[in-house]
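First comes the structure, then the notes that go with it.
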2 protein chains.
Amino acid sequence: MGRKRTKSGKIRLAEVAELAGVSPITASRFFRNPEALSVAKRTRVESAAKELGYVPNLAARALASQRTEVIGVLIPSLTNNVFSDVLRGIYDASEGSRYSIQLSNTRYSILQEEKLLRLFLAQKPAGLIVTGIDQTAESRAMLEAADCPIVQIMEVGPNPVDMMIGFSHYDAARAAIAHLFAQGRRKVGFVGARMDPRVQRRLDGYVSAMKDAGLFEQRLVVTTATPTSVTLGGALFTDLLAREPDLDAVFCANDDLALGVLFECRRREIGVPEQIAIVGFNDLEFMASAVPTLTSVRTNRYEMGKTAATMLIEAIEGRRPEHPVLDLGFKVIERQSSSSRLSDNRPALSGGAAPNKMVALPSSHD
Amino acid sequence: MGRKRTKSGKIRLAEVAELAGVSPITASRFFRNPEALSVAKRTRVESAAKELGYVPNLAARALASQRTEVIGVLIPSLTNNVFSDVLRGIYDASEGSRYSIQLSNTRYSILQEEKLLRLFLAQKPAGLIVTGIDQTAESRAMLEAADCPIVQIMEVGPNPVDMMIGFSHYDAARAAIAHLFAQGRRKVGFVGARMDPRVQRRLDGYVSAMKDAGLFEQRLVVTTATPTSVTLGGALFTDLLAREPDLDAVFCANDDLALGVLFECRRREIGVPEQIAIVGFNDLEFMASAVPTLTSVRTNRYEMGKTAATMLIEAIEGRRPEHPVLDLGFKVIERQSSSSRLSDNRPALSGGAAPNKMVALPSSHD
DNA sequence: GTCGTTGCTGGTAGCGCTGTCAACGATCCT
DNA sequence: AGGATCGTTGACAGCGCTACCAGCAACGAC
């Protein structure tokens with residue numbers, strides 16, 4: 001044989017080729033583009049690889065081909081349930097493909113994001129998934145100069161770098177408020193935490209809906225930069241109540257806050273929905289099972305991640321999607337917590353959750 | 001110049017070396033082991049690298065050095081809150097180090113784990129973090145043959161492959177049951193979902209504690225292989241109640257189930273803790289803010305991840321920890337949901353959460 | 001003065017794989 | 001029939017970096 005085995009005893013492509021009786025480059029092609037091989041050689045290489053337990057050396061491949069099979073993913077938080085659903089979608093879509101996921105956490109800092117982006121780009125990723133549309137100018141320039149497909153996720157907006165998949169947080173918030181108005185609520189408070197750009201846009205949607213109805217008042221809005229939590233929901237609601245005792249509804253920027261508000265109402269013996277209606281955001285699983293069941297705006301997080309990764313992989317392989325910007329929309333899932341107070345819709349004391357009425361609203365992005 | 005720039009315009013180590021007036025290998029050493037250079041060259045290389053914006057090519061480095069700077073992490077689920085906390089710890093610890101995290105999801109399948117392990121090992125990772133102690137024999141053999149440090153996380157047990165960090169789920173469950181006994185509860189049910197090995201060991205702990213007290217009955221145990229959820233907690237509890245209407249406490253294998261049980265009690269107008277005590281597991285954030293506040297077994301998930309990654313990195317760099325097996329213990333956080341029914345400890349209807357009493361129990365691993 | 005010894009530096013030779021291009025036979029068209 | 005085309009295969013030459021070892025100066029011990 002030409003070369004002796006490496007000392008580590010690892011199987012190299014050359015060994016596979018030798019056993020299959022083909023040249024190394026032919027063996028290489030088997031992994032890269034099997035259709036290019038004759039059926040005979042294809043099966044020979046295949047069985048040789050299997051017999052030897054060959055596993056390709058990714059570093060060598062990356063070095064020789066000048067590209068990696070890595071998809072970089074930049075998300076702002078690892079803790080947030082929302083992102084774990086998105087991530088699960090991304091990982092699921094990448095499974096079975098040749099691409100592996102490289103995850104980094106920007107911790108909601110666009111400066112950190114810029115730094116990570118620089119790092120990622122230097123390794124020539126096959127593709128990139130970034131969260132949101134609020135990059136720094138520098139990041140934006142890097143993304144535009146990158147010679148790989150890019151998907152922005154979580155929201156839709158103007159000027160996509162490349163592809164984009166999400167929904168309009170602004171419209172979703174407006175739909176939630178419209179629902180509350182339809183239930184006869186007028187004094188609708190807003191409770192928000194962390195106040196990242198997407199929560200900010202939900203707030204903007206809330207403000208515009210309230211202003212349209214001539215009902216906006218600054219004191220109805222309680223926010224904090226603190227990371228969100230159930231406990232925080234209770235605390236912010238307490239604040240809100242102190243400012244506006246006549247409150248008849250609360251729109252929470254996420255479901256954890258909504259749950260906190262619900263518990264706080266229970267603690268204070270405030271009837272939900274009789275006195276106060278509660279609407280959350282994201283429709284996490286527990287919302288349907290709370291007592292009373294909690295209204296929320298359903299967002300397609302898993303699907304978003306999965307579609308983003310699928311689109312990205314397609315684009316990497318040269319098949320660009322016909323619609324590079326995808327609006328996944330949202331749905332207001334009406335449940336007991338926001339029923340009209342006139343209707344006799346007390347929390348069911350036995351039996352399962354009430355059936356969900358849905359108000360489907362594919363969000364239109366501006 | 002010896003070689004011309006690559007077409008991609010990327011800065012290579014050779015360019016840095018040229019600008020600094022040293023050989024490529026000296027420049028290389030600057031990144032690998034700066035102390036080996038004279039101060040003069042060190043600063044020259046440093047400024048040259050900065051001036052050119054040099055970013056090393058990881059693929060080339062990996063190929064040449066026969067090792068990567070990747071830490072492989074195998075976890076069973078991306079959805080589970082528990083793992084997102086652990087992951088956050090791992091990512092936090094890896095930040096600032098030279099190592100990057102490569103995450104894979106085994107979906108609670110040890111066969112899938114074995115497959116992924118094979119994939120990982122072929123890339124010669126710098127280190128590995130695997131979940132639990134229940135690998136297949138094949139996986140176990142691969143791990144033992146691997147020439148990199150390995151940390152098993154989430155639990156402690158006999159025969160660590162290398163390092164190990166976690167706690168005893170068995171002891172934790174026993175402590176939870178002991179707490180319920182101390183509150184005068186006797187008919188304690190068990191509610192569990194997914195039934196992965198760690199949940200199974202919690203069940204084992206429950207069973208042994210109940211048997212020790214002569215109170216064990218098979219019908220007190222309700223489990224399912226279905227993934228856990230809040231809604232499922234309610235359903236399993238409904239089952240349990242049908243089997244044993246005289247139930248006076250429920251030990252839930254996790255907090256989501258506990259929340260579901262709480263909601264179901266509310267739906268059925270069952271007093272908590274007057275009629276039924278509830279104890280959860282993990283002490284997620286919402287437990288302290290529920291009404292009534294929910295007792296749970298606190299586990300140090302973030303710390304576990306962080307310490308695991310820190311230990312691993314230390315070991316990779318040749319500094320093996322003095323204690324390769326670390327038991328992080330647990331604490332039973334007593335809250336309203338499991339107060340003695342004799343005491344007048346109704347759920348506080350106003351004011352914040354009750355102060356937490358803690359029962360600290362560093363778990364002893366068998 | 002000779003002989004290590006230490007500290008720093010450079011030359012050589014790949015790591016395992018793939019891009020490029022050329023070569024080959026088989027097939028098709030005029 | 002002759003040339004063009006297609007499908008399949010192989011030779012060659014690196015990708016950018018680092019392991020290994022040799023070289024060289026400075027230094028101290030005897």
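All chains are named by letter (A, B, ...) in the order of the sequence lines, taking the proteins before the strands, and each is independently numbered beginning at 1.
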Can you tell me if the side-chain N/O atoms of [X] get under 4.0 Å from OP1 or OP2 in [N]?
X       : N      : result
A/Ser65 : C/dT18 : no
B/Thr26 : C/dG10 : yes
A/Ser28 : C/dT18 : yes
A/Gln66 : D/dG16 : yes

Decide, yes or no, whether a salt bridge links [X] with [Y] under the criterion of side-chain N to carboxylate O below 4.0 Å.
X        : Y        : result
A/Lys306 : A/Asp85  : no
B/Arg67  : B/Asp147 : no
B/Glu18  : B/Arg12  : no
A/Arg42  : A/Glu46  : no

Quick one: [X] [atom1] to [N] [atom2], roughly how many Å, whole number?
X        : N      : atom1 : atom2 : answer
A/Leu13  : C/dG19 : CG    : P     : 12 Å
A/Leu63  : C/dC17 : CG    : P     : 12 Å
A/Leu58  : C/dC15 : CG    : C1'   : 14 Å
B/Asn33  : C/dT9  : CG    : C1'   : 14 Å
B/Glu35  : C/dT6  : CD    : C1'   : 17 Å
B/Arg67  : D/dG16 : CZ    : P     : 20 Å
B/Arg61  : D/dA19 : CZ    : C1'   : 14 Å
B/Gln123 : C/dG16 : CD    : C1'   : 11 Å

TODO: Report the nucleotide, chosen from D/dG16, C/dG10, C/dT18, that has the shortest atom-to-atom distance to any side-chain atom of B/Ile25.
DONE: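 Given the options D/dG16, C/dG10, C/dT18, the side chain of B/Ile25 is closest to C/dG10.
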- [ ] Compare the minimum distances between each of C/dG14, D/dC15, C/dG19 and the side chain of A/Arg32, then state the nucleotide with the smallest one.
- [x] C/dG19
TODO: On DNA chain C, check which nucleotide each of B/Pro24 and B/Ala60 is closest to and give me the residue with the more 5' one.
DONE: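 Final value for this comparison: B/Pro24.
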Open item on the list: Can you work out whether B/Ser38 or B/Ala64 has the more 5'-proximal nearest nucleotide on DNA chain C?
Closed with: B/Ser38
Task: Any donor-acceptor N/O pair under 3.5 Å between D/dG10 base and A/Arg29 side chain - done: yes
Task: Check: B/Tyr54 ring centroid to B/Phe30 ring centroid under 6.0 Å - done: no
- [ ] Identify whether any heavy atom of B/Ala62 sits under 4.0 Å from a base atom; if not, whether one sits that close to sugar-phosphate; answer base, sugar-phosphate or nothing.
- [x] nothing
Open item on the list: For a quick check of understanding: with a heavy-atom distance under 4.0 Å over all strands, which category does A/Tyr54 fall into, base, sugar-phosphate or nothing?
Closed with: sugar-phosphate
